[in-house]
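A short write-up of the structure that comes next.
By convention in this document, chain letters (A, B, ...) are assigned in the order of the sequence lines, proteins followed by strands, and residues within each chain are numbered from 1.
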Amino acid sequence: MKPASFDFLCPDTLEETLAALADGGGDARVLAGGQSLVPMLNMRLARPALLVDIMRLEPLRRIDTSGDEIVVGAGVRQAELEAWPSLSRDLPLLAAVFPWLGHVQTRARGTVCGSIAHADPSAELPLSLVTLGGAVSLRSRNRKRKVKADDFFIGMMATDLAEGEMIEAVHFPKARPGGGYAFREVGRRHGDFAIVACAAVADDKGLRLGIAGVDDRPRVFPLPALDDDQFDDAINDIAWSLDARDDFHASARYRRELVRGLGRETLKEASRCRA
Amino acid sequence: MPRMNAARKHPVEFTLNGRTVRAEVENRMLLSDLLRHEIGLTGTHVGCEHGVCGACTVQIDGRPARACLTLAQQVRGSDVRTVEALAPDPAVLSPLQAAFRRHHGLQCGFCTPGILMSLDALLRERPDADREDIREHLSGHLCRCTGYATIVEAALAAAEEQRKEETTNA
Ligand code: FES
Ligand code: FES
């Protein structure tokens with residue numbers, strides 16, 4: 001349970017960082033808070049030749065409001081966003097999610113973007129980003145691009161991040177006036193990865209349900225109103241459309257049942273909160 | 001800063017329990033191993049080495065964090081506190097430690113240093129911490145002996161005592 005050896009670089013500028021990532025190619029990894037990557041290093045599931053520590057890059061350590069988006073830089077720790085004074089007003093879904101996200105002890109170090117980059121299919125932050133319809137800003141030496149969250153997550157711990165690229169920031173759309181948001185999850189222990197997690201949004205665009213822990217990536221679906229006759233069929237169809245599997249933690253059947261149960265509860269709560 | 005070669009050791013300097021320490025470490029050295037094997041502070045325990053059990057919890061810049069998920073190089077310039085910093089004197093327990101003793105908050109003691117560091121950070125940040133706050137902080141720790149109830153009681157007693165202390169001093 002010790003990492004294999006690697007070169008280490010702690011750059012002072014973004015240019016230096018991007019150059020190192022470009023030269024390192026697939027053998028270089030970005031290190032931010034380390035709460036996802038260091039376990040992978042310890043278990044030797046990751047054996048990068050070079051780690052590039054980005055936590056001294058001041059411009060990445062900011063939370064900015066730009067138009068109707070909250071932009072969270074790659075160096076922002078989860079605990080920092082959790083303590084951000086406008087969180088419950090601008091990102092009420094995240095305010096509901098944070099208590100479930102790892103533990104106090106991991107949020108203190110882990111970054112928001114690090115969890116997005118890790119792309120665990122049951123993780124809460126990727127689920128939130130997809131449910132809210134957010135985006136990810138990617139940066140490499142020669143290119144800058146912004147990818148929709150739904151296109152960024154492509155499979156089990158797999159993302160659209162290319163060699164030499166890093167996440168510069170993630171963009172969460174601000175809560176819409178009068179919108180209702182809710183989150184629930186079921187796991188073995190508070191703070192562990194969810195067996196199933198659901199995030200719901202009720203706003204002027206209708207109802208949306210995000211689901212993590214079932215498919216190989218977080219998914220989001222539109223739904224008819226709760227009192228609609230189609231509702232039960234719709235949520236049941238969603239549960240069956242996901243690629244639920246039996247594993248050590250839960251059966252596929254239990255996961256589908258959680259999607260129906262938690263899905264309905266979160267949608268109800270979001271609809272109730274809708275002003 | 002130049003690229004640090006994997007094959008060599010490199011200096012790292014940080015504050016540990018109020019004193020500046022300087023060590024030469026391999027890049028892959030974990031903070032937990034630096035503390036235990038190089039510096040000799042074995043109060044910080046190691047259970048799982050992947051962030052699950054909480055035994056290795058220390059405080060980094062005032063916040064509880066996993067030493068096993070932190071590379072030694074990542075604490076360059078930081079302020080690290082370990083369980084060794086709690087007792088004011090080798091013969092005197094801190095109020096939190098004394099409460100653990102009184103309420104049987106430990107049996108084998110393997111999980112205790114990590115739990116103390118989490119609760120110490122909580123009680124400094126929120127002197128009014130209640131049962132819920134304490135339980136939330138404890139959810140990041142595994143204890144196989146006590147059943148947790150006595151740990152919660154110890155923490156509540158320490159919080160209470162700390163509040164009394166503050167009113168008498170005010
Ligand atoms: S040893 Fe670090 S969390 Fe278990
Ligand atoms: S006292 Fe033995 S594990 Fe907690």
Is A/M1 close to chain B through its backbone or its side chain, or both, or neither, when contacts mean heavy atoms under 4.5 Å?
both
Scanning both residues in full, the closest heavy-atom pair of B/Q74 with A/D53 reads CG-OD2, 4.2 Å
Would you mind checking which part of B/S139 comes under 4.5 Å of any heavy atom in chain A, side chain (CB onward), backbone (N, CA, C, O), both or neither?
both
In terms of heavy-atom proximity below 4.5 Å to chain B, should A/L37 be classed as side chain, backbone, both, or neither?
neither
So which part of B/R76 gets closer than 4.5 Å to some heavy atom of chain A, the side chain, the backbone, both or neither?
both
Answer yes or no: are there more than 12 heavy-atom neighbours, outside B/R163 itself, under 6.0 Å from its atom CZ?
yes
In terms of heavy-atom pairs under 4.5 Å, which option from A/Q35, A/R189, A/M40 contacts chain B the most?
A/R189
Side chain, backbone, both or neither: which part of B/I60 has a non-hydrogen atom closer than 4.5 Å to chain A?
side chain
Value for NE2 (B/H50) from CG (A/L41), rounded to nearest 0.5 Å, stands at 14.0 Å
Taking the side chain as everything from C-beta on, heavy atoms only, tell me whether B/R135 gets closer than 4.5 Å to A/H190.
no
Of the listed residues (B/Q73, B/Q59, B/H137, B/R63), which shares the most heavy-atom pairs with chain A below a 4.5 Å separation?
B/H137
If you count every heavy atom of other residues, nucleotides or ligands that lies below 6.0 Å from A/R188 atom CZ, does the total exceed 12?
no
Please determine whether the number of non-hydrogen atoms from other residues, nucleotides or ligands lying under 6.0 Å from atom CZ of A/R29 exceeds 12.
no
Mind listing the closest non-hydrogen atom pair of B/C68 and A/V38 along with its distance?
O-CG1, 3.8 Å
Pair count under 4.5 Å, heavy atoms only, with chain B: among A/L50, A/V52, A/D192, highest is A/L50
Say you draw a straight line from CZ of B/R28 to CG of A/N42; how long is it, rounded to the nearest 0.5 Å?
11.0 Å
Count the heavy atoms belonging to other residues, nucleotides or ligands that lie under 6.0 Å from CZ of B/F110, then report whether that count exceeds 12.
yes
So for B/V46, is it side chain, backbone, both, or neither that comes closer than 4.5 Å to the heavy atoms of chain A?
neither
Between atom CD of B/E26 and atom NZ of A/K2, what is the distance when rounded to the nearest 0.5 Å?
12.0 Å
Any residue of residues 4-22 of chain A which, by heavy atoms, sits under 4.5 Å from chain B:
A/A4, A/S5, A/F6, A/D7, A/F8, A/L9, A/C10, A/D12, A/E16
Max heavy-atom pair count under 4.5 Å with chain A, selected residue of B/D61, B/V52, B/L122
B/V52
Check whether more than 12 heavy atoms from other residues, nucleotides or ligands sit under 6.0 Å from atom CZ of A/R141, and answer yes or no.
yes
For B/H10, is it the side chain, the backbone, both or neither that has a heavy atom under 4.5 Å from a heavy atom of chain A?
neither
How would you list, in number order, the residues of residues 103-115 of chain A that have a heavy atom less than 4.5 Å from chain B?
A/H103, A/V104, A/Q105, A/T106, A/R107, A/A108, A/R109
